[in-house]
Amino acid sequence: MVSRQQREEQTLAAKYAPGPIPAGGLLTDADPQVSSLALTMIRALLADGTLTVRELPVRLCARCGHMAGTGTAGDCRSCGHGGSRVARRPLLVFDRTAHGPALERDDVHAAGARTPMHLFSIAHHAPRLLVLSRTRDHGVDLAPLGLDGMVLDPRAGLHVAVLAAAGEQGAVRPVMTVTENAAANVAAYGAPFRWHGAMRLRYALHGKIPYETAASDQLYEVHRAQAVRELFTGWYLPLCAARERAGVSAARIPALLKFLRRAHLARPATPPGDLLTDLRHRAAAGDMRWVTDARALACVLSDRENTTGPTGPTRGAP
């Protein structure tokens, strides 16, 4: 027997490779500042009728009590037990009937990019009545709202965590990087949690990156690119993934590495101020086409090096 808390801890740990904490810090929906913000937002959404608490029939695991939802029967995802029972319990509910589309073009931070209509269609087919409370051990505790033993659905908690992180940085236009599949899965649940005060949360869609190919020692030896290895894997490839939302293929890795190396060698000592200003405006609007523009990339590399040093941003830098 593995307890639900142990199982959740193991699942969370398995999602992330070991390594140093990111320079900007690490924040999850189990942190106090996220929980505090979530409860503030939920109370406001309950007050204006966007969210409600309703008593609904749900299936509970007969052994551990994990809520299995209202769909078809199956083994418990928490303990694996096959038996369940039906019970009625109060739940936090979001009725999308009066809310409008789950996802619109303005929710995507990507100027000049193809509109992901297929993504909008997937998000819009989410159930009209969404249950936002879950029987989990990790997350935003909903006991203060009278929902004992339940937490906010992590798909909603993710959005609150981004807003909390943005608030700590004083940002009003936070952008969440997310794959298209993930956006389709979380958009409907996060719809009530994309606004808070002056803050408006948007999604920056990105494709997957073949890091296994990019980590090859032979790749950097063949192209004599050891000097830009960390720059390539830690900075340029993520930018390429935001430019190519369908994903970066392993076959393109050598060409992208050579392109970065040439731009790095061609970077000017002092980049033109007007070009940097234009690039900053484009980046703020989500226009990522500059990533494959040799002159623009060389100027950005020069400005980045002048601002943060040749090894990249210092710890705690924005």
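All of these numbers come straight from a predicted model, not from anything done at the bench.
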Kindly give the heavy-atom pair with the smallest separation between [X] and [Y], and that separation in Å.
{"X": "A263", "Y": "A294", "answer": "CB-O, 4.3 Å"}
{"X": "S133", "Y": "L92", "answer": "OG-N, 3.0 Å"}
{"X": "H196", "Y": "L163", "answer": "CB-CD1, 4.1 Å"}
{"X": "Y189", "Y": "L132", "answer": "CD2-CD2, 3.6 Å"}
{"X": "P154", "Y": "D29", "answer": "CA-OD2, 3.9 Å"}
{"X": "P116", "Y": "V108", "answer": "CG-CG2, 4.5 Å"}

Do the side chain of [X] and the main chain of [Y] share a donor and acceptor less than 3.5 angstrom apart?
{"X": "S36", "Y": "P32", "result": "no"}
{"X": "T28", "Y": "A30", "result": "yes"}
{"X": "H109", "Y": "G286", "result": "yes"}
{"X": "S35", "Y": "D31", "result": "no"}
{"X": "R243", "Y": "H206", "result": "no"}
{"X": "Y236", "Y": "V291", "result": "yes"}

Do [Y] and [X] meet the salt-bridge criterion of a basic N to acidic O distance under 4.0 Å?
{"X": "R289", "Y": "D293", "answer": "no"}
{"X": "R128", "Y": "D95", "answer": "no"}
{"X": "D107", "Y": "R200", "answer": "yes"}
{"X": "R136", "Y": "D153", "answer": "no"}
{"X": "R43", "Y": "D48", "answer": "no"}
{"X": "D303", "Y": "R280", "answer": "yes"}

| Can you find a side-chain donor-acceptor pair between H118 and E180 that sits under 3.5 Å? | yes

| message | I'd like to know if the side chain of N181 pairs up with that of T179 as donor and acceptor (distance under 3.5 Å, no hydrogens or angles considered). | response | no

Per-pair distances, 0.1 Å, donor-acceptor, side chain in residues 214-222, under 3.5 Å, sequence neighbours excluded:
| residue | atom | partner | partner atom | Å |
| --- | --- | --- | --- | --- |
| S216 | OG | Q218 | N | 3.4 |
| S216 | OG | L219 | N | 3.4 |
| D217 | OD1 | R229 | NH1 | 2.8 |
| D217 | OD1 | R229 | NH2 | 2.9 |
| Y220 | OH | A214 | O | 2.5 |

| note | For residues 256-265, the salt bridge (Lys or Arg N to Asp or Glu O under 4.0 Å) pairs (sequence neighbours left out) are none

| task | With the side chain counted from C-beta on, respond yes when H159 and V186 share a heavy-atom pair under 4.5 Å apart, and no when they do not. | result | yes

